[in-house]
Number of protein chains: 2
Amino acid sequence: MGRPRGFDAEQALERALLVFWEHGYEGATLTDLTKAMGITRTSMYAAYGNKEELFRKALARYTRGPAGYVAKALEQPTAEAVARALLDGAVRTTTRPDCPAGCLGVQGALAAGETAHSARDALIAWRRDGGEAIRSRFEQALDEGDLPPGSDPAHLARYVTTLAYGIAVQAAGGVCRDDLQQVADSALLNWPPHPVTPTGTGTPPRRGGRGPS
Amino acid sequence: MGRPRGFDAEQALERALLVFWEHGYEGATLTDLTKAMGITRTSMYAAYGNKEELFRKALARYTRGPAGYVAKALEQPTAEAVARALLDGAVRTTTRPDCPAGCLGVQGALAAGETAHSARDALIAWRRDGGEAIRSRFEQALDEGDLPPGSDPAHLARYVTTLAYGIAVQAAGGVCRDDLQQVADSALLNWPPHPVTPTGTGTPPRRGGRGPS
DNA sequence: TCTATTCAGTACCGCTCGATACATAAGTTT
DNA sequence: AAACTTATGTATCGAGCGGTACTGAATAGA
């Protein structure tokens with residue numbers, strides 16, 4: 001009951017997502033956001049809570065929207081296909097001509113001041129959760145014999161996500177899609193990168209001479 | 001002539017660098033900066049100009065300080081040693097226990113609002129210049145027969161820098177040094193990643209079926 | 001010692017930030 | 001139509017932002 005909302009909450013959230021994506025959490029002001037959303041500050045607070053909650057809702061929409069390729073990639077039949085779908089998706093999503101360059105999960109709040117600590121932590125958790133989902137998928141692949149015995153699923157997940165994040169940084173700097181696709185293709189030429197002794201079951205081979213510093 | 005400066009300008013710049021490194025350009029306030037530098041706002045403006053110039057000077061100090069491993073890496077005798085030194089240096093610099101996690105050149109201003117556009121562009125140029133220096137080094141390696149004929153130095157440089165940026169993002173999220181060193185080692189197992197036809201001299205092999213977006 | 005020149009500290013500037021109080025409009029329910 | 005509930009728009013809040021006059025303080029040269 002009461003007066004009905006005069007705007008489409010999902011569409012307005014999509015607009016807010018684009019602003020956060022382009023300017024990051026701290027760089028996106030309420031004036032920018034509400035102007036893009038086509039609503040007033042009051043309506044924004046009534047519908048989403050505050051800036052921080054608006055960001056979290058935008059991140060959730062990002063996950064099931066532009067970043068939906070991650071969930072789809074995990075459904076690929078083989079570990080290599082999963083890795084390829086992840087990197088191809090990262091290249092495409094970070095270089096879409098109709099969206100800001102880069103990845104919201106990376107550039108939304110990589111380093112931040114006091115006021116953006118919660119947003120930064122939310123993105124750290126977002127990346128960690130994504131990485132663990134990939135690791136879990138690779139564990140399944142290992143069980144299925146889809147990966148060589150002795151492979152470390154956590155390591156493979158870090159390998160893929162590290163490349164994806166690097167691709168996102170490059171895209172944010174204006175590197176074009178074709179150049180990044182070449183990088184993704186190169187990184188998957190030796191898949192899996194190599195069988196690494198799982199942590200805890202032995203001493204991984206490491207070159208010496210590196211001190212702490 | 002006149003009253004001499006009452007503080008060490010280089011040491012104060014080092015303190016400012018750490019603040020920018022940890023909180024990014026937008027997240028670092030003048031109160032944070034001057035408190036860490038141990039000087040007043042007035043002294044900061046007199047010595048460095050303004051916040052933007054302070055950031056540029058801090059970035060220059062970062063380049064010849066914590067990021068000095070890049071210049072050293074370019075002096076390695078072989079392309080593979082260059083790549084290895086770059087990734088090892090990235091791992092170590094982004095995970096130093098006495099410095100903020102991550103890379104100033106990445107998290108200083110990846111996405112930004114209006115007021116930080118110049119800082120963001122400065123970092124984009126910083127990354128681009130670094131990448132071109134690496135490309136130039138790989139061109140030299142190609143001339144010396146240190147890389148297989150047909151290798152694309154620009155592509156190899158993007159491959160290495162993409163990994164370095166990804167490592168920086170992982171480090172910013174708290175991933176530990178050993179895990180990142182594994183990623184760096186894996187990425188260099190197949191060096192060079194593969195000989196790619198230089199852009200413009202032919203159609204690089206690409207899998208089909210990918211439309212725009 | 002006197003004067004010129006530069007540095008340092010206090011207090012403050014205008015502005016924008018995220019967030020809200022309040023009055024009004026637009027619906028639903030009775 | 002009256003009562004109630006919720007959304008919208010205006011105008012503004014206190015706080016913090018980057019940046020700056022202005023007043024002393026400290027040193028160099030005459």
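The figures here come from the full heavy-atom set of this structure, side chains too, leaving out hydrogens, waters and symmetry mates. Numbered from 1 within each chain, the chains take letters A, B, ... in sequence-line order.
Following rounding to the nearest Å, A:E26 (CD) and C:dG18 (P) show an atom-to-atom distance of 10 Å. Regarding A:Y25, its OH atom lies at a distance of 8 Å from the P atom of C:dG18, rounded to whole Å. In this structure, A:E114 atom CD and D:dA15 atom C1' are separated by 15 Å, rounded to whole Å. Note: OH (B:Y45) to P (D:dC22) measures 18 Å, nearest angstrom. A:R5 has its CZ atom 15 Å from the C1' atom of C:dA26, to the nearest Å. One can place OH of A:Y48 at 12 Å from P of D:dA7, the figure rounded to the nearest angstrom. Rounded to whole Å, the distance from CZ on A:F7 to P on C:dA25 is 20 Å. Counting to the nearest Å, the C1' atom of C:dG18 and the CG atom of A:D32 are 13 Å from each other.
Comparing D:dG9, D:dG18, D:dA7 by their closest approach to the side chain of B:L30 singles out D:dG18. The side chain of B:T29 has D:dC17 as its nearest neighbour among C:dG9, D:dC17, C:dA21.
Residue B:E52 is the one, among B:G2 and B:E52, whose nearest nucleotide of DNA chain D lies closer to the 5' end (criterion: closest heavy atom). Residue order along DNA chain C, read from the 5' end via each residue's closest nucleotide, puts B:R3 first among B:R41 and B:R3.
Under 3.5 Å, the side chains of B:S118 and B:D121 contain no donor-acceptor pair of N or O atoms. Counted by atom type alone, A:D185 and A:Q181 present one or more donor-acceptor pairs between their side chains at under 3.5 Å.
Distances shorter than 4.0 Å separate none of the side-chain N or O atoms of B:T42 from OP1 or OP2 on C:dG9. A close approach under 4.0 Å does occur between a side-chain nitrogen or oxygen of A:S43 and OP1 or OP2 of D:dT8.
In this structure, A:A9 reaches neither bases nor backbone, as no heavy-atom distance under 4.0 Å exists between it and the strands shown. Counting any heavy atom pair closer than 4.0 Å across all strands shown, B:T31 reaches sugar-phosphate atoms only and no base atom.
Of the candidates B:T161, B:T162, B:L163, B:Y159 forms a side chain to side chain contact (heavy atoms under 4.5 Å, CB included) with just one, namely B:L163.
For A:W191 and A:F138, the distance between ring centers is under 6.0 angstrom.
Summarising the local packing, CD of B:E114 is surrounded by 12 or fewer heavy atoms from other residues, nucleotides or ligands at distances under 6.0 Å.
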